[in-house]
Amino acid sequence: MTPHQRKISATVSHLLEWYPKNARDLPWRRSRDPYAIWVSEIMLQQTQVNTVMPYWERWMQALPDIAALAKADSQTLHKLWEGLGYYSRVRNLHRAAGEIVQLHSGRFPERFEEILELPGIGPYTAGAIASIAFNQARPILDGNVIRVLARVWGLGGDPRSAVVRDQLWQTARELVEAASKPAAKDQTASRRRHCADLNQALMELGALICTPRQPQCEVCPLRADCKALLTQSVDALPALPKRPKTTRRYFQAYIVERRGKFLVRQRGEGAVNALLWEFPNVETGSAKADPREHSSRLLGSVSTVEPIATFQHSITRYRIQVQVYRVAGVHPRLAEGRWVSRGELSALPCSSAHRRIARLAAEPVPCRT
DNA sequence: ATCCTGGTGC
DNA sequence: GCACCAGGAT
């Protein structure tokens, strides 16, 4: 046995020992249903556990199986996803459910290659489903696992470079394959879900102990195996490249209310936040752009334009300032969009920013003094 | 306030 | 190699 193989095997033992005692009791971990695990993995892409939990519960309640998802309409799905962001994920879930019904008789495929074919499922998610739902020896590599492996093996260099990325995948593969083979010293009945547990342990360790900042190396199950700890380079690993600087952008949004109804419009298929509903808005060049000029250009004609609020939000690398105005005197014939009641508005799927504007719209018009 | 985080698809 | 979103940590 080479030193490398010994390290792989020690890491597997330590992780499998640690995981059952330290894993969080997350709702999707109580399920073996590949559908439930798939939904959780898609939600967990780019989104944190605490955010996902209520969404997953609601989703599973509303759409308990693949057939229910396949039959659901786009508006229901977007409403269930509202606020999670990256809305292409929900469209891909729907398309994939359709493919599973058509191509796999409604049963979630078990072969890795077939899982990987489904829309919205890449190498990470396919590995996660194969290992967690079906206990197959498939590696996973997400941000958490990259951090753990880069530190334990002391891998410098950009983890996104081909060389380091291949090293990381190879290590992840060796770990899960080692977990899949019964160890000489431990052949009790407890050896069963070891591929599932090993992969989840890697992620859980990254989430709870081997964190980006202030990792808890003192209590880490891999502290005896960790190269970075030995060489005091934990804080320097993984060596991620700096993110590009954020760009400031400025938007104005208009609350147009007439006879208790609000003017809203639906975003196009190819746009950011595709198919979501929004208040009329324009991107301007600066925070000082004239709201009267921009709103009348967008809405035909306006009488009064009153500032309501300003807030910030972020999409990808953009830092966006939204100035919200209440606009009166809009000709319903000139303004494009749909007029909806307060109740209808709350039923339409919106991005977080426009849901926020909807809350402002619901507030009573402030009295002028 | 200012920093940081994250898989897939094109 | 970039676009996609909404947060959390400090």
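Note that the coordinates shown come from a computational prediction; the quantities given were computed from them, not determined experimentally. Proteins come first, then strands; the chains are lettered A, B, ... in the order of their sequence lines, and each starts at number 1.
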Find the distance A:Met43:CE to C:dG7:P and express it as a whole number of Å.
-> 14 Å
From CZ of A:Arg165 across to P of C:dG1 the rounded distance in Å is 10 Å
Can you tell me how far P in C:dT10 sits from the matching atom in B:dG6, rounded to whole Å?
-> 14 Å
Heavy atoms under 4.0 Å, any strand shown: does A:Arg147 hit a base, just sugar-phosphate, or nothing?
-> sugar-phosphate
Counting any heavy atom closer than 4.0 Å, what does A:Asn50 reach on the DNA or RNA strands: base, sugar-phosphate only, or nothing?
-> nothing
Indicate whether OP1 or OP2 belonging to C:dA6 is found under 4.0 Å from a side-chain N or O atom of A:Ser352.
-> yes
Pick the nucleotide of DNA chain B nearest each of A:Pro212 and A:Asn92; which residue has the one closer to the 5' end?
-> A:Pro212
For A:Thr47, answer base if it contacts any base atom (sugar-phosphate contacts may also be present), sugar-phosphate if it contacts only those atoms, and nothing otherwise; contact means non-hydrogen atoms under 4.0 Å.
-> nothing
Any side-chain donor-acceptor pair under 3.5 Å between A:Glu57 and A:Gln61?
-> no
A:Leu208 has an atom CG; how far is it from atom C1' of C:dG8, in whole Å?
-> 15 Å
Take the protein atom CD of A:Gln312 and the nucleotide atom C1' of C:dC5, then report the distance between them rounded to whole Å.
-> 16 Å
Check: A:Phe108 ring centroid to A:Trp38 ring centroid under 6.0 Å | yes
Could you check whether A:Tyr124 gets within reach of a base, just the sugar-phosphate, or nothing at all, counting any heavy atom under 4.0 Å?
-> sugar-phosphate
Any side-chain heavy-atom pair from A:Glu278 and A:Ser351 closer than 4.5 angstrom?
-> no
Gap separating the CG atom of A:Leu141 from the CG atom of A:Leu149, nearest 0.5 angstrom = 6.5 Å
With DNA chain C as reference, determine whether A:Cys350 or A:Tyr318 sits nearer its 5' end, using the nearest nucleotide of each.
-> A:Tyr318
Tell me: CZ of A:Arg249 to P of C:dA3, nearest whole Å?
-> 10 Å
Please check the phosphate of C:dA6 (OP1 and OP2 only) for any side-chain N or O of A:Tyr87 closer than 4.0 Å.
-> yes
How far does CD of A:Glu174 sit from OG of A:Ser9, to the nearest 0.5 angstrom?
-> 12.0 Å
What nucleotide among C:dT10, C:dA3, C:dA6 has an atom nearest to a side-chain atom of A:Arg317?
-> C:dA3
A:Asn135 side chain to A:Arg192 backbone, donor-acceptor under 3.5 Å = yes
Of the candidate nucleotides C:dA6, C:dC4, C:dT10, which contains the atom at the shortest distance from the side chain of A:Arg213?
-> C:dT10
Do A:Glu82 and A:Tyr87 meet the criterion of a side-chain donor-acceptor pair at a distance under 3.5 Å?
-> no
Write down the distance between NE2 (A:His313) and C1' (C:dG8), rounded to a whole number of angstrom.
-> 17 Å
For atom P, what is the distance between B:dC4 and C:dC5, given to the nearest Å?
-> 22 Å
Most 5' of A:Gln48 and A:Ile121 on DNA chain B, judged by nearest nucleotide = A:Gln48
Determine the contact category for A:Gln45: base if any of its heavy atoms lies under 4.0 Å from a base atom, sugar-phosphate if only primed atoms, P, OP1 or OP2 are that close, otherwise nothing.
-> sugar-phosphate
Whole-Å distance separating the NZ atom of A:Lys242 from the C1' atom of C:dG1 = 20 Å
Any idea how A:Phe279 and A:His354 line up, ring-wise: parallel (<30°), tilted (30 to 60°), or perpendicular (>60°)?
-> parallel
In the 5' to 3' direction, the nucleotides of DNA chain B bounding the stretch that comes under 4.0 Å of a heavy atom in chain A are B:dT2 to B:dG9
Separation of C:dG7 atom C1' from A:Tyr86 atom OH, nearest Å, is 10 Å
